Amino acid sequence: MNQGKSAVNESPMSVQAVGITLGICALFAGAQVAVKVALGGFTPLFCGALAFTISSVGLWMYGYLRGERLQLPSRQVWRLHLISAFLFVLFNGTALMGQQLTLASRASIFLASHPFFVVLFNSFTRRRQRLNGGVLVGLGLAFAGEVVVFGDKLAVSSGASWLGDGLMMVASALLGLTIIYLRTVTHYVSTIEAVWWQSVLSVPFFWLGALLWESPLQIPAGFAPWWGLVYLSVGVNAIAFATRAELFRRHNANTISSFMTISPVLGVILAHWLLGDPLNWGVGVGGAVVFAGVLLVYRYS
């Protein structure tokens, strides 16, 4: 076991690091738009199978270029990787099905509230995080924002549904749980190794699910779903995830996380601009309240 493998070097952020961080925020902002476009031609599990197959190759190449050899882990770490991959499949499977039943702008807001669940679940772990007043107010605001968006009256023709929104709320909770558990895995292996095994072990589950429940698998004829798939698998799941992991390794986690709160705001704007998602009062007010709550959580945690 490589117990000290993921040591943190919290150096000050240079102008270049800030620029890279903002670029990563922009990539993450387009994720829900890319998913929505990809799901226009692919079924959810088939989309996940292709996306994580491609991103697993990309993450392996990233590790190889960094000089990290992704070796077979010990029996104890195997168990941790398998649990991490299982949570990863639950999160992404739920999110992909939810995104098929709601709007990209709403999906961005619901997933943006995952720090609520990160802090909540972290309070039950061995390394309990103390919930001070600022964090509690932030958690309350994030939850209230979700209630506003979820309770917004939906037009039948809007492309959104309460089932889709509900699945995205569940996905947000699963994302928080996945992040907490992945941090446990990084006590034994490097961040890139933990992320790579999480991704590569999820691939058989997605392919099996796609073949069992979505056969016969349909290949879209148009280019748009393929562009969405490539953006998701290479731009987000490989480049953005690997670069974000490196930024967390080099710089203060709260600082990087504060920058990441820009992503859902940009995501709502991109969904409105590229997909024509409506910007009604529920999305606007609820999104702003979630954003304010997440900022408070990052500021005081």
Side-chain angles (χ1 to χ4, degrees), residues 1-11 13-14 16-28 30-31 34-35 38 46-89 91-92 175 178-179 181-208 210 226-251 253 256 259-260 263:
M1 294 184 294
N2 300 323
Q3 196 84 349
K5 190 114 177 182
S6 54
V8 177
N9 177 24
E10 296 185 355
S11 59
M13 292 188 70
S14 63
Q16 183 183 18
V18 171
I20 292 172
T21 305
L22 291 175
I24 296 304
C25 289
L27 283 175
F28 277 118
V35 169
F46 187 28
C47 179
L50 289 171
F52 296 117
T53 298
I54 297 170
S55 62
S56 294
V57 175
L59 287 168
W60 180 86
M61 291 177 63
Y62 173 79
Y64 179 81
L65 292 173
R66 276 196 57 193
E68 293 201 33
R69 299 296 176 262
L70 303 175
Q71 302 173 351
L72 289 175
S74 65
R75 182 178 299 179
Q76 179 185 0
V77 179
W78 257 123
R79 182 177 61 84
L80 297 176
H81 284 317
L82 286 171
I83 296 173
S84 178
F86 179 71
L87 292 173
F88 188 73
V89 170
F91 157 60
N92 282 287
L175 176 57
T178 302
I179 289 171
Y181 196 81
L182 187 64
R183 188 171 62 181
T184 300
V185 181
T186 58
H187 293 163
Y188 301 93
V189 298
S190 67
T191 302
I192 186 62
E193 193 169 353
V195 172
W196 185 77
W197 278 109
Q198 182 186 67
S199 178
V200 77
L201 289 175
S202 73
V203 170
F205 290 100
F206 279 104
W207 279 113
L208 181 62
W226 288 101
W227 281 115
L229 180 69
V230 170
Y231 182 95
L232 180 65
S233 55
V234 178
V236 178
N237 294 334
I239 295 175
F241 268 89
T243 307
R244 183 176 65 175
E246 182 67 15
L247 288 168
F248 272 113
R249 188 182 73 84
R250 291 173 176 265
H251 306 288
I256 300 299
F259 276 103
M260 293 299 167
S263 292

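All residue numbers in this chain count up from 1 along the given sequence. Just so you know, these numbers come straight off a predicted model, no measurement behind them.
Note on residues 50-61: pairs passing side chain to side chain donor-acceptor pair (under 3.5 Å), not counting sequence neighbours, are Thr53-Trp207, Ser56-Ser199.
Rounding to the nearest 0.5 angstrom, the gap separating the CG atom in Leu175 from the CG atom in Asn92 is 8.5 Å. Taking CZ of Phe52 as the reference point, atom CG of Asn237 lies at 5.0 Å (rounded to 0.5 Å). A distance of 12.0 Å separates CZ of Arg183 from OG1 of Thr191, quoted to the nearest 0.5 Å.
The shortest heavy-atom contact between Ala51 and Leu232 is CB-CD2, 4.2 Å. For the residue pair Leu229 and Cys47, the shortest heavy atom distance occurs at CD1-O, 3.7 Å. Heavy-atom minimum distance, Ala238 versus Leu59: O-CD2, 3.9 Å. Across Gly228 and Ala38, no two heavy atoms sit closer than the pair C-CB, 4.0 Å. The two atoms that bring Ala31 and Tyr231 nearest to each other are N-CE2, 4.0 Å, heavy atoms only.
Looking at Ser233, its side chain never comes within 3.5 Å of a backbone N or O of Ile54 through a donor-acceptor pair.
In this structure the side chain of Tyr62 never reaches within 4.5 angstrom of the side chain of Glu68, judged on heavy atoms. Under the 4.5 Å side-chain criterion, counting only non-hydrogen atoms from C-beta, Trp196 is not in contact with Leu201.
Judged as a side-chain contact (heavy atoms from CB on, under 4.5 Å), and not counting sequence neighbours, the contacts of Ile239 are Leu27, Val234, Thr243. With sequence neighbours excluded, no residue satisfies ring pair (Phe, Tyr, Trp, His ring centres under 6.0 Å) with Trp227. In this structure, Leu65 has no side-chain contact (heavy atoms from CB on, under 4.5 Å) partners at least two apart in sequence or on a different chain. Val89 pairs by the side-chain contact (heavy atoms from CB on, under 4.5 Å) definition with Ser202, Phe205, Phe206, not counting sequence neighbours. Residues meeting the side-chain contact (heavy atoms from CB on, under 4.5 Å) test with Val57, sequence neighbours left out: Met61.
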For residues 79-88, run the donor-acceptor check on the side chains, cut-off 3.5 Å, and write out each pair with its distance to 0.1 Å, sequence neighbours left out.
residue: Ser84; atom: OG; partner: Gln198; partner atom: NE2; Å: 3.0

